[in-house]
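Shown next, in C-alpha cells, is the structure this report addresses.
Each chain gets a letter, A, B and so on, in the order the sequences are listed, and its residues count up from 1. Atom set for the values below is all heavy atoms of this structure, side chains included, hydrogens, waters and symmetry mates excluded.
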Protein chains: 2
Amino acid sequence: MNKVAKHRNITAQDVADYAGVSRAVVSRALSENGSIAPETKAKVIKAAQELGYQVNFLAQGLNRKRSQLIGVVVARISDPFRSALLEGLISEIQARGYQALITEVQTEQDLADTMRRFSQFRVSGVVVTSGQPPQALVKECVEFKIPVVGINRQLDIPQVDAVYSDNQQGAQLVCEHLITQGCKSFGWLNYKGSTWSGLQRGAAFSQALLEQGLNHRLTNIEAPCDGYEGGQQAAFTLLENQPPIPQGIFCANAQLACGFLDGMRQQGFDAPQNFKLVGFDNTPQTEQWSYQLSTLDQNIDALCKSTLDCLESRTHLPNKPSCSLPIAVQLIERKSSLSLP
Amino acid sequence: MNKVAKHRNITAQDVADYAGVSRAVVSRALSENGSIAPETKAKVIKAAQELGYQVNFLAQGLNRKRSQLIGVVVARISDPFRSALLEGLISEIQARGYQALITEVQTEQDLADTMRRFSQFRVSGVVVTSGQPPQALVKECVEFKIPVVGINRQLDIPQVDAVYSDNQQGAQLVCEHLITQGCKSFGWLNYKGSTWSGLQRGAAFSQALLEQGLNHRLTNIEAPCDGYEGGQQAAFTLLENQPPIPQGIFCANAQLACGFLDGMRQQGFDAPQNFKLVGFDNTPQTEQWSYQLSTLDQNIDALCKSTLDCLESRTHLPNKPSCSLPIAVQLIERKSSLSLP
DNA sequence: CAACGCAATGAACACGTGTTCAATGAGTCA
DNA sequence: TGACTCATTGAACACGTGTTCATTGCGTTG
C-alpha cells in the first residue's frame, strides 16, 4: 500500500514502470481487450492494486468519445411517485456500471440547456422523465448517436424510444372494478394543463366506459393545479352546487386523489361510503391507514429495467426503428373502492 | 447555422479555422482569462455561435484536473424529507454552474466504491447526506483537494465541513412548546439503530427537559424500524400493557410520527385530544388535513446554500480548519400539539 | 534447417482542451 | 530616428487514456 508519489494522481504510466512493462500493456490488462500473456496480466493487476491505481474517467471518456454517465432529466423530485421512479432509475443505472447525472428542469429552455450539457459530457444515454425536449435537440443527440428514452411520455421522434405504463390496460381495470363494485355513474379527476400521461389515462377511461355503453354517465372534474392542494380544491368546487357525487371516481395520480379524498372528508363525505375512489400511482401514502386508497401500481422496477434495456440495445444498433414499450400495471384494491360488507 | 462537418463533433480547432485565428485564441476568448483584443474576441464568439461549438467537458476536466461535477451521496430517496433535500441540493448545484452526480448507497462498501468513483471523475466536491464514509477514503479526498461536506451528520475528520439543522435549538423549542400546552409527562420516539441526527435530537430533548427539572417524566419509545410502519408498530407496542400515555411526545422524524399517529388512532386515541405530538421534518404530508402534525421545519434552502458555500470556500482554501455550521429550525404549530379551546 | 504462423509487446498517434513561453508588431518617449 | 514597453498572438506541451501497427521471438511444420 506504499504509494510511489503521495501527492500526485498515479497514472497508468506509473503502473507500467512499477511492473516493468509498457503503458499499452497496462491498458490491455485492465480493459480486457487486446491479447496479453496471463502472467503479465496478473503482474500488472497486482502492481495496479499495490499502487492503488484508478482509471481517470475523464481521459477514458475523452478517448472513447463516450463517458459512462447517463443523463436523467427530472422535475419536482419531491413528488412521491417521481422520487420513487428516480430511486429505481439510479439503482438500475448503477447496477449496470453507469453513473447518474441528474438535472432538474422547470422550463423548456432549461431542458434545452440540459440536453446540451449532457452531450458536452458525452453521456452514454439520456432518460427523460419530464418535459418535452425540443425536437431539434433530440435530433442532435440522435445524430451523435446518443440514445434517448422517454418514460411515460410521447416524444414522437424517429429513433427515440418510449417506455410507459399501460394506461389503456389500467383504465380498463379500473372501469371493470368500479362496475363490479356497483357504480352507475363515474367521474374522472385530472388537473388543468395535465401531462400527456394524464390525458391518455382520461381518454382511455372514457373509451373503456364507452365500450360498456356507460360513457354518458361520465363527469369530468378539473383540479386547478396538480398535487394534494389541487385535489382538495377540486373537491370543494365539485360540491359547490350540491350536484350528485359520481359513484366511481378515477383520478390521474395519487397526490390528487389524496387531496380530493381529504377535501371530501372535510365536507362530510368519505370513501367508500359516499363514493368509490381509485388513483394512479401506488405511492407509500396511499397505503397508509388514513387513506387506504385503491391504486394502479406502476411497475417501477420493470419501467427502469426496460428503459436501460432500450438504452443499451440502441447503443449497439443506433439506427433500429423506434420502439414503444408498454409496461403492465396492477390494480391494488384497498378500502377506498370496495363496497362495504 | 450551417455546420462545417455534420457528423463530427466540432472542436475549438474548427472554430479557430473558421475565424482565422489559432486555437489558443479560441480558448482565451471563451474562457475569459488571458489577454485578447476585444474585436478578436467578438469575432471568435461569433464564429463559435455560428458553428454551434460546445466545449468538451471531458477534455476540459482532464486538462484542469477538475470536472464541474459535484458528487452527492444519498440513500432511500423515496423518503419525503430526503427527496426534498435532494431536490434542493440539485437546484443549488445547478444554480452555481455545476452538475450533480448522484449515487445511492446502501452499505458502507457501496459508499467506499462511490467515493472512489467520484474521485475518478475528478469531481469538484462531494456532499454526503447518508452513511459514514470510511475515514481513509475521506482522507484520500482531502489529500487530493476534493472538498467534502456532510449534511446532518458528524464526520469528525479534519478539513471536512459539516452543515446540520440545529437539533439543540429544535429540541428546546419543542420542550417549551409542550410545556406551554400543559404537558406534564413526555415521550421520545425514535427507531432502533437511529442515525446520528436522531440520537442527537433525543439527547437534546432529554437535556432540555433536565433544565426544566422534568427529565424524570421522560419515557423512551423505541420503534422496531424507521418509517411509517415503524411508528405504527411503536404505537401498538406502547399500548400493549395499557400504561398511561405520555402527554407530550416528540418524534425523531415525520414518517415515524405519521405512522405513530395512525397507530394510535387505530386503537382509539388521537392527537391532540389524548396526547400532543411534534415531529421533526416538515414534510408535505404533515401539513395535510388528515395529519396536521406540528413539526420542526428544517430550512432546506439554507442547508443547501450553506453546503455549497462550504464547498466553494474550501476549494479556494483547502487547508482551512473544519467548520461546523448549525442551521436554525422553525417550529410549525399545527393541530396535533395544540390544546383544544 | 528453413519457412511460416501466431501470440505478445512497445512506439506512436488520437482524443480536445488550457496554459506557458517566445515572437511579433504597434505605440511611446527621449 | 532609435530604444523600449506592452498587448496580442501562435507554437508547443501537458493532461491520461485506448488503439493501431510494426516488431520481436517462440513454436511448429515441411
Exercise. Are any of the side-chain nitrogens in E50(B) or K46(B) under 4.0 Å away from the carboxylate oxygens of its partner?
Worked result: yes
Exercise. Heavy atoms, side chains only, cut-off 4.5 Å: are K43(B) and V21(B) in contact?
Worked result: yes
Exercise. Would Q298(B) and N152(B) count as having a side-chain donor-acceptor pair, cut-off 3.5 Å?
Worked result: yes
Problem set entry | Sugar-phosphate, base or nothing in reach of A24(A), heavy atoms under 4.0 Å | base
Exercise. Would a 4.5 Å heavy-atom cut-off, applied to side chains only, mark V72(B) and I102(B) as touching?
Worked result: yes
Exercise. What does F57(B) touch in the nucleic acid at a heavy-atom separation under 4.0 angstrom: a base, only the sugar-phosphate, or nothing?
Worked result: nothing
For this session: Starting from the 5' end of DNA chain D, give me the residue, A37(B) or N56(A), whose nearest nucleotide shows up first.
Result: A37(B)
Problem set entry | Bend angle of the helix from dC1(C)-dG30(D) to dA30(C)-dT1(D), from helix axes over five pairs at each end, nearest 10° | 50°
For this session: Using the side chain to side chain contact (heavy atoms under 4.5 Å, CB included) rule, pick out the option among V149(B), V126(B), V142(B), V128(B) that qualifies with V160(B).
Result: V142(B)
Problem set entry | Heavy-atom closest contact (A47(A) atom, V15(A) atom, distance) | CB-CG1, 4.1 Å
Exercise. Considering residues, nucleotides and ligands other than Q106(B), do more than 12 of their heavy atoms fall under 6.0 Å from its CD?
Worked result: no
Exercise. Which part of the nucleic acid, if any, lies within reach of I36(B) when heavy atoms closer than 4.0 Å are counted: base, sugar-phosphate only, or nothing?
Worked result: sugar-phosphate
Exercise. Does S306(A) use its side chain to pair, donor to acceptor, with the backbone of L303(A) at less than 3.5 Å?
Worked result: no
Exercise. Rounded to whole angstrom units, what separation is found between the CG atom of D17(B) and the C1' atom of dG10(D)?
Worked result: 13 Å
Exercise. On DNA chain C, which is the earliest and which the latest nucleotide, 5' to 3', with an atom closer than 4.0 Å to a heavy atom of chain A?
Worked result: dA8(C) to dG16(C)
Exercise. Given atom NZ of K41(B) and atom C1' of dT9(D), what is their separation to the nearest angstrom?
Worked result: 16 Å
For this session: Using the closest heavy atom to pick a nucleotide of DNA chain D for each, name whichever of V21(B) or V55(A) lands nearer the 5' end.
Result: V21(B)
Exercise. If you measure only the distance, is there a donor-acceptor pair under 3.5 Å linking the side chains of Q60(A) and N56(A)?
Worked result: no
Exercise. Contact class for T11(B) vs. all strands (heavy atom < 4.0 Å): base, sugar-phosphate, or nothing?
Worked result: sugar-phosphate
